[in-house]
Each structure stands twice: as C-alpha cells, then as structure tokens.
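Below, chains carry the letters A, B, ... as their sequence lines are ordered, and counting in each starts from 1. These figures come from a predicted structure and were not determined experimentally.
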Amino acid sequence: MPLSTQPPASGERYVLTASLDNARHLSSLLRAVHFQDHATCFATANGIKVTVEDAKCLQANAFIQAEIFQEFAVQEESVMFRINLAVLLDCLTIFGSSSLPGTSTALRMCYRGYGYPLMLFLEEGGVVTVCKINTQEPEELLDFDFCSTNVVNKIILQSEGLREAFAELDMTSEVLQITMSPNKPYFRLSTFGNAGSAHLDYPRDSDLMEAFHCNQTQTNRYKISLLKPSTKALALSCKVSIRTDTRGFLSLQYMIRNEDGQICFVEYYCCPDEDVTEADL
Amino acid sequence: MRFRAKIVDLACLNHFSRVVNTVARLAKTCTLRLTADKLYFILSDKVANGGVSVWCELCQGNFFDEFQMEGVAAEHNEIYLELVPENLSRALKTAQNAKTVKIKLTNKHCPCLTVAVELPSLSSSSRIVTHDIPVGVIPRRLWNDFREPGVPDFDVSIYLPVLKTMKSVVERMKNLSNCIVIEANLSGEMNLKIETDLVSVTTHFKDLGNPPWASDDECQSSAQGRDLESMAEARIDIKKLLQLLAGQQVNPTKALCNSWTAQLCCMNVKCFAVQIIYRTCLEPLSRMKGASQVVVYVTIRTGV
C-alpha cells in the first residue's frame, strides 16, 4: 500500500474515512461547483454531497457516491462540515491537475468529527503529502423544495448542444430567458443585450434532444451571472436535464462520466428573476 | 576592448538560448562577464533584487565556433557588461533555425551587444536580422563586486526531486501561503511545509540522496558529525522559490544531457540562505569538444 507510510494513528477514531485511487475523480467534480470559496460537505453511507451557494438564489450540489471510492465508511448517521473549497482543491491537485497518463494521485481522506480538521493523505510516485484543512461551523443551507411532483417541464439534452449555446451567450444581457413549451418554439433561450436580443431555438426532434416532456408553456428569466458558474459543470458533463417547477424554479442536472466510466451528478438550482412578471404584464 | 563570437551549430545555439532564457526569468538585469574561455551571467545578491543571486558559468568552447575577445588591458583580459537578459533572450528567439549567429560588442550611439542572425533563405541573397542590445560597460574598479560565491558552510546538502513534481507542489502551496519551510536531512529526506490558519500541508520526499562533498573538506564543517536523521530547515519566500523552479529552461532533454541534478543546501540558522545548484552535463555532441556542464547557483535569502 503506497499510503502505508503515513498511517493514521491506530488509537484515533474517524467518523469519516474514504480512499480513492485517483484523486482527480473528486477534484474534477468539486471544480464543477467551485464558484464560491466555501462549501458544505454532507456525508452519509451513500456518499458525500458538496453544496455551494451564492446570493441565496443559487445552489450547486455535487454528489460523489460511495461507489466512486475504493473504501468509504461513515461511522455516524451523517457527518457535516464546512470547508474552504479553494484550499481543498489546491490540496487535491498538489501534484498537478493534469497528471500524465499512467500516473495518478492516490487519496485517503479522514475526518475525526466536529472541531477536527479534514485530513488528506495524497501519494504520487512515492511522494506523500499530508494536508490538514481546518473545518468550519456548517451554515444552514437553502431548501429549494424542488420536488419532482411539481415539475412542469422537463428536457434532457446532450450537453454539447447547450455548451455551444452557453459559450455564445451575450453576457451584456442581465438575464437569460428560458421558454419551454409543448408547442412552438418548444425550447428557446433568449438574451437581451446591448447589441439587441438573441433567440436560440431547439427543435423538438433535434438529435440533441434526448427527452422532451413539456406540459405547459413557461417563460422565466434567470440572472445570467448566476447561471454562468454552471458552465463549469456543463463542460464536464455528457447530458443535462433542464427542469422547471410550478414556481419557475430552475433545476439543471448534469450527468458527468469520469475516466473510469463511473457516473456522477452535479445539480444546480436557481431562482427565477423576480420582476419578470411585472415587466411582462 | 573587443569581442566577437559566432555560433554555427544549431544544438549549441538552442542550448545557449535556453541558458539565456533561464537567466532572463531569474533576473531583470544581470552582468555578463567575458573572459578568454568562459562566459558568466551574474546577479549579485542585493537588497534591491529581493535577495536572489545567480551565478551562471559557461565554457565558450562548448557553444561558440569562434570566440575572440580582448579585455581592457593585457593583465586584466576581461570584459564586464551590464545587460538586460530579456533583450538577449528575445534576440535569440528569432534565431531558432538560423544558419549562423554572430554576437559582437559594438559602439552605436552607446555600447551595444550586436546579435546578427543569418536566416536560411531560398534565393542566393542572404537574410540577416540584426539586434542591437544596449549594454553598460562596468568599470574595473567595480569588478570586485562580482566574485564567485563560494559554497557556503551548510548543514545539509541534498539532491532535489524531479523538478516538475516539485514545481507543481510549490505552485499549489503558493496559493495557500506566502512562505514555505524546506526541511532536509542527510538521509535523503526532504519536506516542503506550509502552515496557515486555514490549512497545513507537508509534502514528504524520500530517497533523494545526498551529494558527496568528501573532496571539499573545508566546506562541510557543519555537515560533518551531524545526526543523519535530524532536519535542517530554512524558511523562504515561496514566490522566489517558484520563480526559480518556473524559470529553469535548461531542460534535460535526453539528447543533450546525461545527468541533471540540482542540489539544495539548507543553511544553518546563521546564514539565512538556501542555495540551489543546477548542473547539466552535456553529452559530447559532434561540435562540442567534450562533456561540459552549466552551473547555475541560485541563492535565496531566507525571510526573517
């Protein structure tokens, strides 16, 4: 075992221990939600959920299932702590973020419980790095109360279709307007920038459209500055599910396949822009 | 005072460019010292440059096909020039596939190092690009400022790990902290450490090997009789260390080098300095007269 050079002292009890052959599987997912420096980690026997929030309007969750890890054990029902995500990412990629083929960073992660630091043991090519990242008091997270029964419209797209659209978004526009409808224009992205407005329509029978379940016409506006961070997840993903509920809340679910073919999900929730109804009426 | 030199061999030219690029990354201005058989790039340790000093020594015979120089006087057959290495590095960039490169000392309005690059051309007329790099001639009374740094009294000397690994570790650590602690012992172990309110990170390298210093008895007084396991440590500015690691361009490509080592000397507390020595041994190439090495000493003062 490469990590045996730095074994955790046998007397210590950890509430969370996890090991991973390739730390990049974790770091790339975390990078997909890294738009704020602080993240809340929530671990259960199923895996770890890392939550990042912004402006009380946006929430991103990265789910790393227990199966992704070679070893994963949680001693309590759930373990929760807040951590500086930028620091965690720097530690995970200490041997470089783009490793050469054939080399990978092995990771062992341990947490003793409330008030203790998160310990990372990383090994690559016989070099061992030990990191102790201080944890912080977890803050209360937003509950978007987004349940599938209230979903009005749902579209599953291949990510490449949305990637192009997001890359060409007119960033001088304050909002991105999303129209989903059972009739024409089916799925439309609109921006209203300095140089004029732009509309991008996806036909219902497009090759990129994996599923189309729209029940009623819905038009909502979302702050473009809030949606922009989700392009990090979009870049990694292969499919994206776009859902809106009765209140116009947006859920973007990205399916991300790692180098070993395992599938993980990153989810973004975003509130609609308030004044849309007044402007429309 | 006269100086003219010519490079014809492409491998020699590329190697010379890499050395100049490395120096350019380490120092904004430096001193070029020319003697009958050697060239030196020197940055002396001054407070103004943040405590980094560089000593780079090249044998002219390994690079130049022609090398003529005449110093100020027969008994002081040397030339000292003040130079912005970046300018020389840029001039050599245009010479990547040149037929010949001539470097000479000229006087055009002011003293200049003129680099004339002859590029390959399809027609019979030649294409020549000329760069005039202004230099300052350093008078003889100041020459004493640029003496070779001796190998200082050190506690531990150790070979550095693969520089790419070390660079990426130091790069991440730079994001987390301003200063880094380097620890090393005589059993080939080295640790890089940072510690802040948020995080503490330690990277352990082992089996690095300690260079034998048996021949220079006078410089190992502190290292002798030292406990093999005990760590000597130095705390230095992480940006300076990264600048050094990122700046090294004298790449150990297999064709050119058969060995590439960097030695780190962790100084004892009195000296407050870390010294890194690069040695690249060039394999005798067709044009070269034998194996040679480029030695770059870099000293970084430790933070107080």
For B/K28, does the NZ atom sit with more than 12 other heavy atoms under 6.0 Å from it, leaving out its own atoms?
-> no
Taking atom CZ of A/F144 as the centre, report whether more than 12 heavy atoms of other residues, nucleotides or ligands fall under 6.0 Å from it.
-> yes
Check each atom of A/T135 against the heavy atoms of chain B and say whether the ones under 4.5 Å are side chain, backbone, both or neither.
-> neither
So does A/Q262 have more than 12 non-hydrogen atoms from other groups sitting under 6.0 Å from CD?
-> yes
Work out which heavy atom in B/R172 is nearest to a heavy atom in A/T93; give both atom names and the distance.
-> NE-O, 3.1 Å
Assess whether atom NZ of A/K232 is packed by more than 12 heavy atoms of other residues, nucleotides or ligands within 6.0 Å.
-> yes
More than 12 heavy atoms from other groups under 6.0 Å of CD on A/E71 | yes
Note: vs chain A, highest number of non-hydrogen pairs under 4.5 angstrom among B/T196, B/V201, B/L192 is B/V201
Which atom of B/S168 lies closest to which atom of A/G96, heavy atoms considered | OG-N, 3.4 Å
Which bit of B/D197 is near chain A, if near means a heavy-atom gap under 4.5 Å: side chain, backbone, both or neither?
-> backbone
Taken to the nearest 0.5 Å, the spacing of A/I94 CD1 from B/T165 OG1 works out to 11.5 Å
Which distance, rounded to the nearest 0.5 Å, do you find between the CG of A/D90 and the CG of B/L198?
-> 11.0 Å
